[in-house]
2 protein chains.
Amino acid sequence: MTGLRERKKQRTRDALIVAAHELFVTQGYDATTVDQIAEAVDVSQRTFFRYFSNKEEVALFVQDMVGTFFYEAIRASPPGEPPLECLRRTLDDIWDDVQGAVEEIVPFALHLKMCQVIETSPALLAAHLRHSLLMEEKLVQEIARRTGVDPATDPRPRVLVAAFSGVMRVAAREWSMRENTSLEVARTVTRDYLAQLGPALTADWGRRN
Amino acid sequence: MTGLRERKKQRTRDALIVAAHELFVTQGYDATTVDQIAEAVDVSQRTFFRYFSNKEEVALFVQDMVGTFFYEAIRASPPGEPPLECLRRTLDDIWDDVQGAVEEIVPFALHLKMCQVIETSPALLAAHLRHSLLMEEKLVQEIARRTGVDPATDPRPRVLVAAFSGVMRVAAREWSMRENTSLEVARTVTRDYLAQLGPALTADWGRRN
DNA sequence: GAGCGTAGTGTCAGTCGCTGACAATTGACA
DNA sequence: TGTCAATTGTCAGCGACTGACACTACGCTC
């Protein structure tokens with residue numbers, strides 16, 4: 001299982017991710033070449049592309065991990081909960097575990113800075129949005145399964161996930177632009193934005209909150 | 001105003017768009033090179049990049065036009081309407097005008113096929129999502145203006161637009177995969193999906209619609 | 001422990017998207 | 001008609017990415 005070969009591979013992959021993150025954060029995404037990343041880990045460019053199918057993938061690796069983490073948490077949730085409530089509560093529950101999972105690969109502070117790079121680099125943001133869309137589709141299937149609804153005929157799972165994800169993206173963007181990008185802030189921002197979903201859709205907006 | 005120079009420029013730009021659409025639709029986006037597009041219009045590759053900053057832009061040109069069209073329609077809407085209702089009604093109103101605007105540039109049938117290409121090509125889908133995000137931000141500002149709310153402190157404009165746009169994207173995707181991609185179907189699909197926004201968010205989903 | 005098969009890597013050559021620089025052309029306007 | 005400025009083509013070059021091939025070294029068998 002843990003042959004020398006396996007461990008070596010894991011190590012160079014992690015090293016590539018960390019090196020790429022550091023370069024992206026300090027120089028910017030576009031200004032960093034794949035050659036620089038490969039050189040920092042002392043492998044050839046060709047090897048880089050054997051680990052990651054493109055430059056975006058190494059930048060979004062951790063993000064994708066977090067997404068998968070959330071998805072698995074939903075899967076593991078007890079059934080019977082109303083779907084929106086399930087999404088909301090699960091999200092609220094896993095922050096600390098997410099941090100732990102991230103730190104097995106990249107220092108958390110580096111990940112936070114990387115989030116800002118993703119939001120500000122056009123190419124990276126585009127790729128991120130597409131990855132999110134793929135994850136949304138998986139969430140749709142899971143929500144449909146849990147509620148015993150057929151997503152091919154009933155639009156509610158897709159509509160719910162689309163609305164939820166849209167709000168989460170807005171919250172993430174808002175959060176990434178604060179001075180204080182701590183876990184605690186992330187938790188409250190997402191909570192607040194989700195709480196606004198109902199009020200925002202109602203016909204009349206009385207002034208003030 | 002309409003000098004020979006202007007008209008010539010307009011013509012090559014339109015020719016590039018049409019040629020690109022035809023190539024993308026028949027060969028696929030990735031399989032089409034910029035050289036092919038330029039050659040089809042008998043200009044140099046360099047000239048192509050003077051009209052469009054990258055390959056995605058020519059593919060998304062019409063989509064962006066439609067987005068801008070919707071935005072302008074919102075701007076022109078009478079004030080006082082509840083925000084969600086304004087988005088919904090405006091969308092419902094402009095379908096025919098959109099078709100007319102599109103057909104000034106590209107045959108509508110070609111545009112419809114192009115929509116499917118966008119949904120199925122990863123690179124193009126990613127770029128499309130990013131463009132949509134930019135348009136969402138403009139919508140946020142406009143909704144905030146109309147309701148007299150400050151989007152920097154009140155999250156409701158962003159939340160509303162995010163939810164609305166998310167649902168529209170899902171509807172568009174669903175529509176583009178139908179056999180019948182007519183305007184009439186588009187109108188009903190978007191209407192139905194938007195109508196599901198409320199029910200999808202409520203705590204309990206009774207079986208069946 | 002020698003030797004064999006194969007997974008992982010480096011090198012090289014080539015394609016494609018995209019850009020800057022410079023020269024040539026051509027419409028606009030006096 | 002002649003000058004100015006906008007448009008275009010050509011060329012050279014960078015960076016992302018890929019296929020092909022040869023080489024190294026891990027892992028497993030005998």
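Below, chain A is the first sequence line, B the second, and so on; all start at residue 1. Not measured: the values here are computed from a predicted model.
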To the nearest Å, give me how far apart [atom1] ([X]) and [atom2] ([N]) are.
X       : N       : atom1 : atom2 : value
E56(A)  : dA16(D) : CD    : C1'   : 10 Å
L124(B) : dG17(C) : CG    : P     : 13 Å
Y29(B)  : dC16(C) : OH    : C1'   : 12 Å
D30(B)  : dG17(C) : CG    : P     : 9 Å
E6(A)   : dG8(C)  : CD    : C1'   : 11 Å
F52(A)  : dG8(C)  : CZ    : C1'   : 15 Å
I37(A)  : dG15(D) : CD1   : C1'   : 12 Å
D35(A)  : dT18(D) : CG    : C1'   : 14 Å

CD1/I37(A) to CZ/F48(A) distance, rounded to the nearest 0.5 angstrom?
4.5 Å
What is the ring orientation for F164(A) with F70(A), classed by angle as parallel under 30°, tilted 30 to 60°, or perpendicular over 60°?
parallel
For the aromatic rings, using the six-membered ring if either is Trp, is the centroid distance between H21(B) and F24(B) under 6.0 Å?
no
Just by modelled atom types, is the L87(A) backbone N or O under 3.5 Å from a matching donor or acceptor in the T90(A) side chain?
no
Below 4.0 angstrom, N of the basic side chain to O of the carboxylate: do R88(B) and D93(B) qualify?
no
Between the side chains of K138(A) and E142(A), is the shortest nitrogen-to-carboxylate-oxygen separation below 4.0 Å, so that they form an ion pair?
no
What's touching nucleotides 9-13 of chain C from the protein side, N or O pairs under 3.5 Å?
from    : atom 1 : to     : atom 2 : distance (Å)
dT9(C)  : OP1    : Y51(A) : OH     : 3.1
dT9(C)  : OP2    : Y51(A) : OH     : 3.4
dG10(C) : OP2    : S44(A) : N      : 2.9
dG10(C) : OP2    : S44(A) : OG     : 2.8
dG10(C) : OP2    : T47(A) : OG1    : 2.2
dG10(C) : N7     : R50(A) : NH1    : 3.4
dG10(C) : O6     : R50(A) : NH2    : 2.7

Shortest side-chain distance from R5(B), nucleotide among dG17(C), dA28(C), dA25(D)
dA28(C)
